[in-house]
Amino acid sequence: MCKQFSNNWSYHNPVQVISCSLADYLSRLENQNILLVTTAGFTRRGLTADVMKMITKSTLQVYDGVRPNPDIDDLDDAAAQLHKHKFSTILAIGGGSVIDTAKAFSIALPSAMKRPITSILKEGQAADLGRRIPVVAVPTTSGTGSEVTQYATVWDSTNGRKLSLFGEHVFPVTAVLDPSLGITLPQKETLYTGLDTISHALESIWNINSNPFSELYATSALNLALDFFPAVLANPANIDVRAGMQNASLFAGYAISITKTAISHAISYPLTAKLSIPHGLACGFTLSELIRQQFSNQCLPKYNSLLSRCSDLLLSFDLNSEISQYASAAQIINLLPEMLDLSRINNYNLSANISDVSDILNLSLTR
Ligand SMILES: [Fe+2]
């Protein structure tokens, strides 16, 4: 039976969103002590050098050590090295891992604690979270929506666990949208990050925390993705379709900033932590089965047509053959007990116990 949505809600998002070229934005920065957070790949492609040339009226330090699924111990080690610089702005240019790393630094660098991120997330110590360095998020992928959310995901790779920073202090202050930065993103990353966008929008629609704003954002994200996701895979160098997916990701980010995620994300986390399945794929492979559940329980009749189009799109990607490149069905099903993260699963508009999640996995993996 479908759960009822609550009529008690509020909506607030403090992020300033600017659509312009990165060069235009950087030319406006004056008298800042900036930490650029990015990846070694960004530097290798000459882009860090380009950014350094564009910043003429501020000082800049570079941290380009971000890797996929940032590890909490690596972040604390890096923060200990960067702590002395007293940055006034953190400029994050990259995908979700880069933006989430910048969010973690934003809180860790002003802290007097020895290993602040570990202290906050592993040990649950109180922290002065009001002190933070403002983050400017410049997404180069279209997937996480992290540029407008109050969440940062970091990983405890020693124990195979996902950890979350969240709260008002985790929002970036500014998001800069320049779709030209996504043009060189490889096909697989374009596919997996796009799946994350669709996951966010769907997870927000079938979410008990849904409200009129999140519905507006989530349905807009899905309509954009239905148009631009196949287009971006077919024409990866087309800036207009990259911009369409960037907006889809942005709107899906707004949607989950309101509702949080739900069951497909609960299922995904151990798959990423233990089997290194990319996040968007780990979320995306159960979505068509979850849509089928929505149809059979008639939970969201007003969205039947939209959901049906999403299901057709998802099935066209043959995600089981994608996922088989990372893990076998048996390896995935073995992680079932770790998928029951109630803080996510309880957001789903249908009850799901271990046997329901087992069915979802088995049906998804045998499509
Ligand atoms: Fe996600």
Side-chain angles (χ1 to χ4, degrees), residues 66 68-70 92 94-104 137 139-155 161-166 170-172 175 182 185 188-207 209-210 214 217-218 221-222 224-225 229 245-288 290-291 310 313-314 317 319 322-323 326 338-339 341 343-345 347-348 360 364:
V66 180
N69 309 323
S97 295
V98 165
I99 297 173
D100 287 359
T101 295
K103 289 173 169 178
T140 59
T141 64
S142 294
T144 68
S146 184
E147 64 274 18
V148 289
T149 72
Q150 67 280 46
Y151 318 124
T153 299
V154 296
W155 301 82
R161 282 196 306 153
K162 173 233 175 217
L163 302 164
S164 274
L165 278 167
F166 60 93
V170 186
F171 278 115
L185 192 71
K188 286 280 185 207
E189 282 181 63
T190 302
L191 173 64
Y192 297 159
T193 51
L195 287 170
D196 197 21
T197 288
I198 292 186
S199 303
H200 292 165
L202 290 172
E203 292 263 87
S204 189
I205 281 182
W206 55 54
N207 197 303
N209 303 311
S210 169
S214 67
Y217 286 130
L222 289 177
L224 283 165
F229 198 4
M245 275 310 284
Q246 190 169 61
N247 290 336
S249 174
L250 174 77
F251 289 154
Y254 280 125
I256 57 161
S257 83
I258 295 166
T259 59
K260 306 190 186 77
T261 55
I263 189 166
S264 89
H265 277 72
I267 290 171
S268 80
Y269 291 130
L271 301 181
T272 299
K274 299 275 174 71
L275 300 173
S276 300
I277 299 176
H279 174 69
L281 178 59
C283 296
F285 83 103
T286 51
L287 293 176
S288 353
L290 294 168
I291 290 173
C310 289
L313 178 63
L314 289 160
F317 294 137
L319 297 182
E322 289 288 334
I323 215 159
Y326 294 90
E338 296 176 46
M339 295 173 184
D341 171 0
S343 71
R344 294 285 184 290
I345 285 188
N347 294 336
Y348 188 43
I360 290 164
S364 298

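Predicted, not measured: the structure shown is a model, and the values here were computed from it. All ligand and atom numbering here is 1-based and tracks the order in the structure.
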Got a sec: is His200 within less than 2.8 Å of the Fe ion (ligand 1) via an N/O/S atom? yes
Looking from the Fe ion (ligand 1), what is the angle between NE2 on His279 and NE2 on His265, to the nearest 10°? 100°
Is there a side-chain contact between Tyr217 and Ile256 (heavy atoms, below 4.5 Å)? no
Going by side-chain contact (heavy atoms from CB on, under 4.5 Å), Thr141 matches just one of Leu185, Thr197, Val98, Thr190. Which one? Leu185
Name whichever N, O or S atom of Asp196 ends up nearest to the Fe ion (ligand 1). OD1
Any Lys/Arg nitrogen of Lys274 or Glu338 sitting under 4.0 Å from an Asp/Glu carboxylate oxygen of the other? yes
For the residue pair Glu203 and Tyr348, confirm or rule out a side-chain donor-acceptor distance under 3.5 Å. no
